[in-house]
Number of protein chains: 2
Amino acid sequence: MVNIKQIAKQAGVSVTTVSRVLNHHPYVSEDKRLRVQQVIEQNSYTPNSQAISLIRGKTRTVGLILPFSHHPYYHAIIAGVMEEAYQYGYHVLLCQTSYNPDQEREYLHMLSTRQVDGVISCSRVLPWAEFQSYSESGPIVVCEYTEESNLSAVYTDHYDAFCSGIQYLLDRGYTRIGYCVGRKTSASSQARFRAYQNTLHAAGLEVYSEWIFPDCIHMSDGEQIAKQIAEMDKPPSALIVTGDEAAAGVMLGARQYGLRIPDQLAIIGYDNQPISAGLQLTTIDQNLQEIGRQAFSLFYERSLDPTLTSAKRLIPYTLIERSSV
Amino acid sequence: MVNIKQIAKQAGVSVTTVSRVLNHHPYVSEDKRLRVQQVIEQNSYTPNSQAISLIRGKTRTVGLILPFSHHPYYHAIIAGVMEEAYQYGYHVLLCQTSYNPDQEREYLHMLSTRQVDGVISCSRVLPWAEFQSYSESGPIVVCEYTEESNLSAVYTDHYDAFCSGIQYLLDRGYTRIGYCVGRKTSASSQARFRAYQNTLHAAGLEVYSEWIFPDCIHMSDGEQIAKQIAEMDKPPSALIVTGDEAAAGVMLGARQYGLRIPDQLAIIGYDNQPISAGLQLTTIDQNLQEIGRQAFSLFYERSLDPTLTSAKRLIPYTLIERSSV
DNA sequence: GTGAAAGCGCTAACAC
DNA sequence: GTGTTAGCGCTTTCAC
């Protein structure tokens, strides 16, 4: 592997001059510049970016932390982050945690080791305090709501979005409303539960815990839930499913187990994924790709100017009306 | 940012000793080892991995080059690569090309700049010669068939897989067989065309070019094709669609435009994605996740032992029978 | 057992 | 305009 010293020698100049040519500095005579460029060409020399990162203290890389990579939810965010990162010439390092706190810590740790300039987290399992402590080493952006200072956040108002979904169903005369979420313990699931309680109480309706289905993430989960509903004595007549893939599973399961949609079961999905368009699924678009884009730009701004304080960005959602309600 | 020198000073030892402790070398007295570890703890010091990479000449990172990141095909490969990389403590750098040759070249270039130890490519647009030239800087694995020396390859026998799909349809009495592919110019599409021609000719059937649909990648493409088929005077009675999402689009479109499946249109998908299970779609599983896993391990082996010659790995496919045929 | 010192490949004062 | 030189943070001979 040829290095700058050899180039300098071969061109009969100092390494400084080579460095100047490389970095398009002024004050290099035209003939030397040409000579150096020629030698660089001949050797197809390219500077070692490790060395440059070491000096500059920057890697132009951001770590993207997510629990797993086989779900369209995360793909949408990845796509958004990548799109923006590409524009600014940044790289994205994928960091899969499988919800393992040690793994998550290790990735956060890359901030301290300067392997990445910053971190975007889509799946926090560690306590906020620990995130805070790492934030000294570089900008951290989380894709969920937080009050924590020092942490930038890009998030959907899950409470509000859920309320509007339920209200949409209430407005259309549905009173037996249930919902499906992923991990019950997540902050967004808790916000949704509050939204559910409050909106139903306000409408004078009772809350049935049997109509709340947790651990509904993949298509197969949705299918199982459709089966359960088909067998219930007192089934819900409408369902909000947080994730279009799972919602698609419910639709397909409903078909299998003889439930007509939307007559016997109305469904609202989440995320406006391609599959929802295909199935004519009414869905709440929380604009995941935009969340990814904004997350990157929040990281980017603080990376350029470390004096910047953390920012919080609320991303608006939209209810896309189709024919599953 | 505290460094090794400060730790050494604070512990009253040399940097060498600190380094030895860090790297679990023998020949460090127990008391010094403890003293150093304590100081490291106190300062929550972590070595700068840029510096280590610079010295070792290794980054423990592999670049994963793909055209775009919003398609389940690539997600399956990503998941496979990540799974294996995680096991060996490697990182994955996502490199999106959008089929742009300059972009692709730039990523290959990271090999020369030592930003990554190797590269896995899922989407070659540059000529083989250019890939070859970069292979001097580190192991390159491509996820397609190639004879090129120096390039490792993990691939499906697309010709064979397609033949078996067509034969499956022939065996069930279908004679009006068509197919959908993504980019017509890709090597796999060409192999499929040969498979199509040869298998049909062998069966004494004619090839209708109107039954070949290119640019069928997303769900919406599939829907459009279903529409076209519904409007054809002489429509195919069976279709192989290379990609389950697109195949799902065809199914949904068929439903919309009044084609019964499989009576009026039989469909075989590709990749055995979750959606195919949901829709009871018969599909050819080319085991994408395994392709990703093997691609990483091929990279890994050569990265450890650069004297190793390039390897080629054929990944077997499986036809998964469900009810769309 | 331990430390001094060279050096990985590069940039950026600082001199000339 | 150009070159010398001192690091960036670490590992690794090579003495002692």
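Treat the numbers as computed from the prediction; the structure is a model and nothing was measured. In what follows, every heavy atom counts, from backbone to side chain, and hydrogens, waters and symmetry copies are set aside. The chains referred to below are lettered A, B, ... by the order of the sequence lines, with proteins before strands, and numbering in each begins at 1.
Across its full length, the helix from C:dG1-D:dC16 to C:dC16-D:dG1 shows an angle of 40° between the axes of its 5 terminal pairs at either end, rounded to 10 degrees.
For residues 45-55 of chain A, the set of pairs meeting the side chain to side chain donor-acceptor pair (under 3.5 Å) definition, not counting sequence neighbours, is empty. For residues 41-50 of chain B, no pair satisfies salt bridge (Lys or Arg N to Asp or Glu O under 4.0 Å), with sequence neighbours left out.
The shortest non-hydrogen separation linking A:Pro139 to A:Asp117 is CD-O, 3.4 Å. Closest heavy-atom contact between A:Lys58 and A:Ser303: NZ-O, 2.9 Å.
Between the CD1 atom of A:Ile315 and the CZ atom of A:Arg293 there is a distance of 9.0 Å, given to the nearest 0.5 Å. One distance of note links CE of A:Met110 with OG1 of A:Thr59; it measures 9.0 Å at 0.5 Å rounding.
Side-chain contact check for B:Asp31 and B:Ser29: at least one donor-acceptor pair (N or O, by modelled atom type) lies under 3.5 Å.
On the nucleic acid side, DNA chain C has its first and last nucleotide under 4.0 Å of a heavy atom of chain B at C:dG1 to C:dG9, going 5' to 3'.
Judged as a ring pair (Phe, Tyr, Trp, His ring centres under 6.0 Å), and not counting sequence neighbours, the contacts of B:Tyr90 are B:Phe296, B:Phe299, B:Tyr300.
Ion pairing between a basic and an acidic side chain is recognised when a charged N comes within 4.0 Å of a carboxylate O; B:Arg124 and B:Glu144 show such pairing.
At a threshold of 4.5 Å between non-hydrogen side-chain atoms, the residues A:Leu93 and B:Leu94 do not count as touching.
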For nucleotides 6-16 of chain D, give me one character per nucleotide, 5' to 3': B if any protein heavy atom sits under 4.0 Å from the base, S if the only such contacts are to the sugar-phosphate, - if neither. -BBBBBB----
